[in-house]
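Input: a single structure, listed below in structure tokens.
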Amino acid sequence: AAQGFLRAVSLGRKRWSASVQQDLLNLLNVWFWYGHQPDVNAVLQAGFTSVSLDAWLGVLPQLIARIHTPDPVVRDMLHNR
């Protein structure tokens with residue numbers, strides 16, 4: 001699922017389109033629910049480089065709201081990306 005959302009976001013033509021934003025929100029759900037699993041973590045870390053920085057601006061409030069997530073693996077990935 002994470003790989004599919006990353007691909008959809010990276011291929012999105014308009015960074016602010018509703019579909020790209022929805023894909024990013026779904027990606028965040030996968031990240032914060034399953035990012036502690038090693039295989040999901042590896043896919044996310046590799047795929048984050050394919051998503052442009054400006055695409056993340058639309059979900060910045062959600063990222064800030066989750067900055068103190070209790071899971072250390074997910075928190076570390078959030079702080080270092």
Side-chain angles (χ1 to χ4, degrees):
Q3 200 168 28
F5 288 128
L6 285 164
R7 184 164 169 80
V9 170
S10 66
L11 294 176
R13 294 180 186 247
K14 296 180 182 176
R15 296 290 176 212
W16 296 103
S17 71
S19 62
V20 171
Q21 294 301 305
Q22 188 63 44
D23 289 337
L24 273 170
L25 291 171
N26 288 328
L27 177 64
L28 289 182
N29 282 331
V30 171
W31 181 5
F32 286 98
W33 280 96
Y34 304 105
H36 64 279
Q37 297 178 1
D39 54 338
V40 175
N41 190 313
V43 167
L44 290 172
Q45 293 214 19
F48 282 159
T49 58
S50 67
V51 178
S52 70
L53 185 59
D54 61 337
W56 292 105
L57 294 176
V59 294
L60 189 60
Q62 288 82 0
L63 292 172
I64 291 171
R66 297 176 179 184
I67 204 159
H68 291 298
T69 184
D71 189 315
V73 174
V74 174
R75 184 177 55 241
D76 184 52
M77 193 174 8
L78 178 60
H79 289 196
N80 291 324
R81 291 287 158 195

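As a basis for the values below, the full set of heavy atoms in this structure was taken, side chains included, without hydrogen atoms, waters or symmetry mates.
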>> Before we go on, tell me: are the rings of Trp31 and Phe5 under 6.0 Å apart, centre to centre?
In response: no

>> Rounded at 0.5 Å granularity, tell me how far CZ in Arg66 sits from CG in Leu28.
In response: 5.5 Å

> So which heavy atom on Leu6 is nearest to which on Val43, and how close?
Replying inline: CD1-O, 3.7 Å

> Between Val20 and Val9, which heavy-atom pair has the shortest distance, and what is it?
Replying inline: O-CG2, 4.1 Å

> Under 3.5 Å, side chain of Asn26 to main-chain N/O of Gln22, donor-acceptor pair present?
Replying inline: yes

> Once you round to the nearest 0.5 Å, how far does CD of Gln21 lie from CG of Leu57?
Replying inline: 9.0 Å

>> On a heavy-atom basis, which atom in Ser50 and which in Gly47 lie closest, and how many Å separate them?
In response: OG-O, 2.7 Å

> Atom CG of Asp71 and atom CG of Leu78: how far apart are they, to the nearest 0.5 Å?
Replying inline: 11.0 Å

> To the nearest 0.5 Å, how far apart are OG1 in Thr49 and CG in Leu44?
Replying inline: 11.5 Å

> Should Val40 and Trp33 be marked as a side-chain contact (heavy atoms from CB on, under 4.5 Å) after you check the CA-CA gap, both sets of side-chain angles, and the distance that decides it?
Replying inline: CA-CA 10 Å; Val40 175; Trp33 280 96; over 6 Å; no

> Atom CZ of Phe48 and atom CG of Leu27: how far apart are they, to the nearest 0.5 Å?
Replying inline: 5.5 Å

> Which pair of heavy atoms, one from Arg75 and one from Ile67, lies closest together, and at what distance?
Replying inline: CG-O, 3.8 Å

>> More than 12 heavy atoms of other residues, nucleotides or ligands under 6.0 Å from CD of Gln3: yes or no?
In response: no

> Going from CZ on Arg7 to CG on Asp23, what distance comes out if it is rounded to the nearest 0.5 angstrom?
Replying inline: 12.5 Å

>> Tell me whether Leu60 at atom CG has more than 12 heavy atoms from other residues, nucleotides or ligands lying less than 6.0 Å away.
In response: yes

>> On a heavy-atom basis, which atom in Val74 and which in Gly35 lie closest, and how many Å separate them?
In response: CG2-C, 3.8 Å

> Same cluster for Val73 and Tyr34 if Ile/Leu/Val/Met/Phe/Trp/Tyr side chains link at under 4.5 Å?
Replying inline: no

